[in-house]
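What follows is a single structure, written as structure tokens, with notes after it.
These figures come from a predicted structure and were not determined experimentally. Below, chains carry the letters A, B, ... as their sequence lines are ordered, and counting in each starts from 1. What's counted below: heavy atoms across the whole structure, side chains too, no hydrogens, waters or symmetry copies.
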Amino acid sequence: MNKKGSDIQNRTLGGRSMAQPKAAGELNAVQLETDLLKRWTDEKTFQASIDVRRNGAPFIFLEGPPTANGKPGIHHVVARTYKDLVCRWKAMEGFLVERKGGWDTHGLPVEIEVQKRLDLMSNEAIEAFGMAEFNQACRESVWTYEAAWREMTERMAYWVDLDNPYVTLDNDYVESAWWALKQMFDKGLLYRGHKVLPFCPQTGTSYSSHEVALGYKEVEEPSVYVKFKLTDDNASILAWTTTPWTLPGNVGLAVGPEVTYVRCRVKEAAGEHWEGAGGADVGEEVILAKDLMKEVLRHHVDIVDEFPGADLVGRSYEPLFPGAVPKGDSMTAWTVLEADWVTTTDGTGVVHTAVMYGEDDYNLGMEAGLPAHHTVDMDGSFVTGTHPELDGRYVKACDETIISLLSSPGGTNGKGPESGLLYREKAYAHDYPHCWRTDHPLLYYAMDSWFVRMTAVKENLLKFNDQVEWAPDWVGEGRFGEWLRNVKDWAISRERYWGTPLPVWRSESGEMKCVGSIKELQEEVAKAVAAGIANPDCTDDVDLHRPIVDGFTLLSDSGEVMHREPFVMDCWFDSGCASFAQWHHPFENEEVFNASFPVDYICEGVDQTRGWFYTLLAVSTTVFDQPAYKRCLSLGLILDAEGKKMSKSRGNIVDPWDHFNREGADATRWYMVTAGAPWNPMKFDPNGVRETYAKMFLTLWNVYKFHADYAALDAFDPEASSIPVAQRPALDRWVLSRLATVANDYHENFVNWQFHKAGRDLEDFVVNDLSNWYVRRSRRRLWDEADSNDKRSCQHTLHEVLLTVCRLVAPVAPFMVDEIHRNLTGASVHTAPWPAGVPGSLEGATSDAWDEAAAKATASLPPTDPELEATMALVRELAEAGRRIRIDGNRRQRLPCAQGWIVAGPELSEFHDLLAEELNVEAILVENDLDRFQRIELAPNFRALAPKARSSVNEVAQAIRAAEDPEALLQAIRAGGAEVLGVTVEESDVEVKRVERPGFAAQTVDVPGADGASLHVSLVLDMNDSPALLSKGMARDITRRVQAQRKAMDLELEATIDLEVWVVNGPAMEEADEAWVAAETRCAGCVFHPESSTPPEGAETFEVDGTTVHFTVA
RNA sequence: GCGCGGGUGGCUUAGUCGGUUAGAGCACCCGGCUGAUAACCGGGAGGUCGCAGGUUCAAGUCCUGCCUCGCGCACCA
């Protein structure tokens, strides 16, 4: 402690080699990070980190493109951290990891945003505004938050090329997407259909199932039981629906042919508990499934008849809303049909069928020849002619009207809605899909649509999915696999404006042409023009968006005029093309594409399972007959500290900048990675970030600072000298061994996607092993001004440990470790090799195969010494045991003990000095007579004992434990087995435990030995006092208080003081101890006053063990 | 409703092949240590390991049922 602070500056002024560390300053994490960002930009460090691996095997990462028309949040930081860390890690392993950015720019979210801003909440409004203008507004809106995204991306140090990103609205990208569609078209996988789809009247568009999945909400709605009056019989069939608005469209009733139905007659009026509208008269007859009578009927009835559903088939009934649906030439309208999917789990066992508003309804209607007529318009209102009270009204607003119409008993003969046809209404709670953008309930609606025949490639989807390495595996096997096993044809067309246009032209008679490139479009346009069809120019840079592409009119093979199908693509299709469209395949970059497909690694939130994870695979399977990616990390959702999902509407979004500006991006990233497994939902706790900063980064910084300051002071140059590890002191060999062990585990955990475990272990190493033990125990070694071997050894060791720690941390938290690495070596950590080896740089290596042994040989880790690690663990245990003994014996730490004995255990003489210091004892002795301080205990070994003792194992175990003379029992056992309660106990059935004898100031610690067996080592302290010990202890107490006072007075380290001390009622101070106090506290003058003199007013005072001490510092 | 993943002191979590004392961190209390650290060390309090059964000599761990949270699925007419 005799270094002068100013020396640190003075001595470093001379010529410093690149690798010669300079002193570290105080830590300002945010400043450090922002300074480094500048430096990375100036020095093009990202590019350098790629270039230095130019000859490595490629590892291909594909960025899932975010939409830049929303502000980035903390969940984006999480995803980007995992993307970044894997890329950085693989790069350090010697792989060439290029990272192209990407932006998703099409789709409904963009349109909705613009519609809101321009107040264009319907398709009519958009078209009146002008499609070209609208799309221009969309094109601009896409970049609203690009700057915010860029800032966040850079600040968090997500290394990705944002200057040459792929952008889904670019002509090149769209052209590749067109090409992909044409492949599907040519393979017969793209088809035009008429299908019932979930449809949002507000946005005027239908949704694919993965979009519908985003909007399920539980709602309570009125459901109704309706009486359908048979035309040729005085009875009604009861049917149930949760969507009263589909009733005007009713054209059929479906029954299960095998289901048993009953005809019953109402016996008496309903009781008083009747709720809501509807009812039935006494004597009225209704028909429904027998199983559901109890559930449905609210009257006492007599069963008149019982029959299978087949008996009902073909019978006709009165339309509910006569005239709402024209009968046309249908022979089956308003008759009973059979359908095998009808069950008796809900309703009445009779399914009301409105052809246009349900998938089953539609299929049944087509099969049975029911009239396909819409009673509802695309805007969600009833068409004129449905009923005077309903025409033109939004269907969801008509529930009450329909119920009241059906329950008013005004009509006659059961014809028309006002005929008392409502039997009952019942509130019904269920999950119903809502528009994920506007929150409006979706209507199932039969409409024109284009599909990709995913059902035709299901086997391949499953096969390719099996080839993907999923993390966690259950997402691939379970959730994603299940989705694929139930795959449906992909409805990819949207009746929208802003998106990749569907490149299909179609004639009135149904001839079709799918255009796969700009060149092809030009050729087709030329053909049409040659045939006399007027067309605008189709230049090489024609904008491939609406309304431009709508302006082209083509010619069919038979000479008919063809117009473009007025759809754009599902924007998920766009991003699903990313693996090849980012390279404008197949029009350009053939080599790049060939070398990078399929990609090695993608990573997104688990919510992309049905989104991007699926569409990437769907497109690659249909177009290339290959999987698109080899590894997929599926991240858990991010929740707030209460475990609630973060959402704008809840207002519990965490702003990443709060942490970037407080604890820094390092701490934020490290926290997110160590908080839990990547696939588990993460509760984001702002306090956790702070804790990470305080523990991990502050500690690391201080270790570094300790090393750097003395390295600078001593002009330490790691390259100027070297000391083989084997020749270094045990403490050094120990920390290096620990380092290697931790690094190997760290790497193993990375390989298994267990980044959280890796990080936790490394943090534990830095805080406990490195800072709290190695540095603490080594401090005095560096205080030595002489150029000793021991000091150099410590410096080399610290240097090496820090470098390896930096390299391990770098992928996760890239800032501070770069600062440290740069100062220690002159080079960025991001161009450094991965400590566990650099397989990517090996000749012939690929992203997933390399010579394991050759890779190991490239590792840069010190040797491990498990025995030494175990020994040191014991030493640390003993040091802690010493403190426990002192607590138990009420003896303060600063009061030395004359001696301490170590009983049993391995040879520790190498660490006796260290232990003496830690324990504050004058001498460490080894006690060879174990029985002097220890006795034995026997513990049963259940694994061995259980098979022999069976059900009496507990009694036997208890007997062994409670043996009055365990020593004798053990001897008997060793002599060939002892009978305990009829069981022969052998040596392998018991564990011998040595513990301290009662009555001594002792503790026994239990540590695993090198050979796996348990070691029982005791520490005994001599608790007797002597005048010399008391004097020494007092000297230490005084020193400690004076040092505290120096600190409180804010004195320079090298400042000298004048000290005066008055000890009242204390031990006689020995001269040597007084001198020691003076030296430790840097006294110019030091006076110990006799007890008779009186201390001045204002002297510092403290009390210890009944002694009062006063002192003054000047 | 079906599928997947959770539920361990106030909070965040570890817990391997089932093995008898469920382990950490934060926060709290007491004590100690400290001229690098926002730390560190020792002790204390705090747990019916979601609930109920079952298998077993032995269950946080395996089985069954249920409750609950999250996510996903869906032709609920």
Side-chain angles (χ1 to χ4, degrees), chain A residues 1 24 27 196 209 212-213 216 223 239-243 246 254 339 341-343 345-354 358-361 363 428 430-433 444 472 474-475 477-480 482-483 486 606-607 609-610 636-637 639 641 643-645 675-676 679-681 683 685 687-688 690-691 693-695 698-703 705-706 709 757 760 764 767-768 771-773 775-776 779 879-888 890 892-894 918 920 939-943 945-947 949-957 961 1040 1043-1044 1046-1047 1051 1053 1080-1082:
Chain A
M1 74 174 58
L27 176 62
V196 173
S209 45
V212 174
Y216 272 92
S223 71
W240 180 62
T241 181
T242 56
T243 49
T246 60
W341 42 262
V342 173
T343 64
T345 52
D346 289 292
T348 64
V350 181
V351 177
H352 139 69
T353 301
E359 194 175 333
D360 282 334
D361 304 46
N363 294 337
Y428 184 72
H430 62 146
D431 288 331
Y432 192 83
Y444 284 89
W474 75 73
V475 168
E477 287 158 20
R479 184 175 294 197
F480 197 56
E482 190 197 337
W483 167 262
N486 297 319
V606 67
D607 50 319
T609 310
R610 269 72 185 199
L637 261 99
L639 311 169
K644 294 268 177 353
K645 193 171 170 175
W679 44 82
N680 281 342
K683 289 189 193 175
D685 181 5
N687 271 331
R690 177 153 194 85
E691 206 181 305
Y693 169 76
K695 284 187 80 150
L698 199 56
T699 307
L700 179 60
W701 184 260
N702 281 310
V703 170
K705 185 169 152 55
F706 174 71
D709 286 356
K757 286 189 183 169
R760 287 170 182 177
D764 187 62
V767 172
N768 289 321
S771 171
N772 228 353
W773 190 250
V775 168
R776 186 160 69 77
R779 183 157 305 131
E880 283 167 19
R883 290 189 202 107
R884 276 197 298 272
I885 294 172
R886 283 174 179 274
I887 301 256
D888 289 349
N890 198 20
R892 67 185 205 273
Q893 188 67 31
R894 273 181 295 264
E918 282 289 318
N920 194 17
N941 176 4
F942 280 89
R943 248 184 250 270
L945 210 50
R950 307 209 182 194
S951 60
S952 65
V953 66
N954 279 329
E955 288 75 40
V956 176
R961 263 194 283 251
R1040 144 97 180 103
Q1043 301 289 36
R1046 283 180 62 111
K1047 201 176 183 181
L1051 292 182
L1053 256 158
E1080 281 292 306
T1081 58
R1082 295 185 71 87

Pairwise side-chain contact, [X] with [Y], heavy-atom cut-off 4.5 Å (strictly under):
X         : Y         : answer
Asp361(A) : Val196(A) : no
Tyr693(A) : Leu698(A) : yes
Ser771(A) : Arg776(A) : no
Glu482(A) : Glu477(A) : no
Val606(A) : Arg479(A) : yes

Please classify the nucleic acid contact of [X] as base, sugar-phosphate, or nothing, using heavy-atom distances under 4.0 Å.
X         : result
Trp474(A) : sugar-phosphate
Arg886(A) : nothing
Arg943(A) : base
Val775(A) : base

OP1 or OP2 of rC33(B) versus the side-chain N and O atoms of Arg883(A): is any pair under 4.0 Å? no
Distance test, side-chain N/O of Thr241(A) to OP1/OP2 of rA77(B), below 4.0 Å: no
Nearest of [options] to any side-chain atom of [X]?
X         : options                   : answer
Glu482(A) : rC26(B), rC71(B), rC73(B) : rC73(B)
Arg884(A) : rA77(B), rG43(B), rG3(B)  : rG43(B)
Arg610(A) : rU37(B), rC33(B), rC73(B) : rC73(B)
Asn772(A) : rU13(B), rC41(B), rC33(B) : rC41(B)

Backbone N or O of Ala939(A) within a donor-acceptor pair of the Arg961(A) side chain at under 3.5 Å? no
Where the side chain of Arg760(A) meets the backbone of Ala675(A), is there a donor-acceptor pair that is under 3.5 Å apart? yes
Using atom [atom1] of each nucleotide, how far apart are [N] and [M] to the nearest Å?
N       : M       : atom1 : result
rA27(B) : rA45(B) : C1'   : 13 Å
rG18(B) : rC49(B) : C1'   : 15 Å
rA38(B) : rU48(B) : P     : 36 Å
rG6(B)  : rU61(B) : C1'   : 16 Å
rG1(B)  : rC57(B) : C1'   : 42 Å
rG60(B) : rG15(B) : C1'   : 8 Å
rG7(B)  : rG47(B) : C1'   : 14 Å
rA58(B) : rC40(B) : C1'   : 40 Å

Give a yes-or-no answer on whether the side chains of Thr609(A) and Trp483(A) include a donor-acceptor pair shorter than 3.5 Å. no
The residue, Glu880(A) or Lys695(A), whose nearest nucleotide of RNA chain B is more 5′ is Lys695(A)
Mapping Thr243(A) and Ser771(A) to their closest nucleotides on RNA chain B, which lands nearer the 5' end? Ser771(A)
Take atom [atom1] of [X] and atom [atom2] of [N], then tell me their distance rounded to the nearest Å.
X         : N       : atom1 : atom2 : result
Arg690(A) : rA27(B) : CZ    : P     : 11 Å
Asp764(A) : rC26(B) : CG    : P     : 12 Å
Leu637(A) : rG6(B)  : CG    : P     : 16 Å
Arg894(A) : rU34(B) : CZ    : C1'   : 9 Å
Asn687(A) : rC11(B) : CG    : P     : 15 Å
Asn768(A) : rA39(B) : CG    : C1'   : 11 Å
Asp361(A) : rC76(B) : CG    : C1'   : 12 Å
Asn890(A) : rG31(B) : CG    : C1'   : 10 Å

Complementary nucleotide for [N] - Watson-Crick or wobble, under 3.5 Å:
N       : result
rG3(B)  : rC71(B)
rC49(B) : none
rG9(B)  : none
rA14(B) : none
rG19(B) : rC57(B)
rU34(B) : none

Nucleotide-resolved protein contact map, nucleotides 56-63 of chain B, B/S/- at heavy-atom distance under 4.0 Å: -B------
Would you mind calling rC17(B) syn or anti? Take O4'-C1'-N9-C4 for purines or O4'-C1'-N1-C2 for pyrimidines, and syn is within 90° of 0. syn
Is the number of heavy atoms from other residues, nucleotides or ligands under 6.0 Å of Arg690(A) CZ greater than 12? no
Using 4.0 Å as the upper bound for N to carboxylate O, is an ion pair formed by Glu1080(A) and Arg1040(A)? no
Any N/O donor-acceptor pair, Arg479(A) side-chain to rC71(B) base, under 3.5 Å: yes
For rU34(B), does the base pair up with any side-chain atom of Arg1040(A) as donor and acceptor (N or O, under 3.5 Å, distance only)? yes
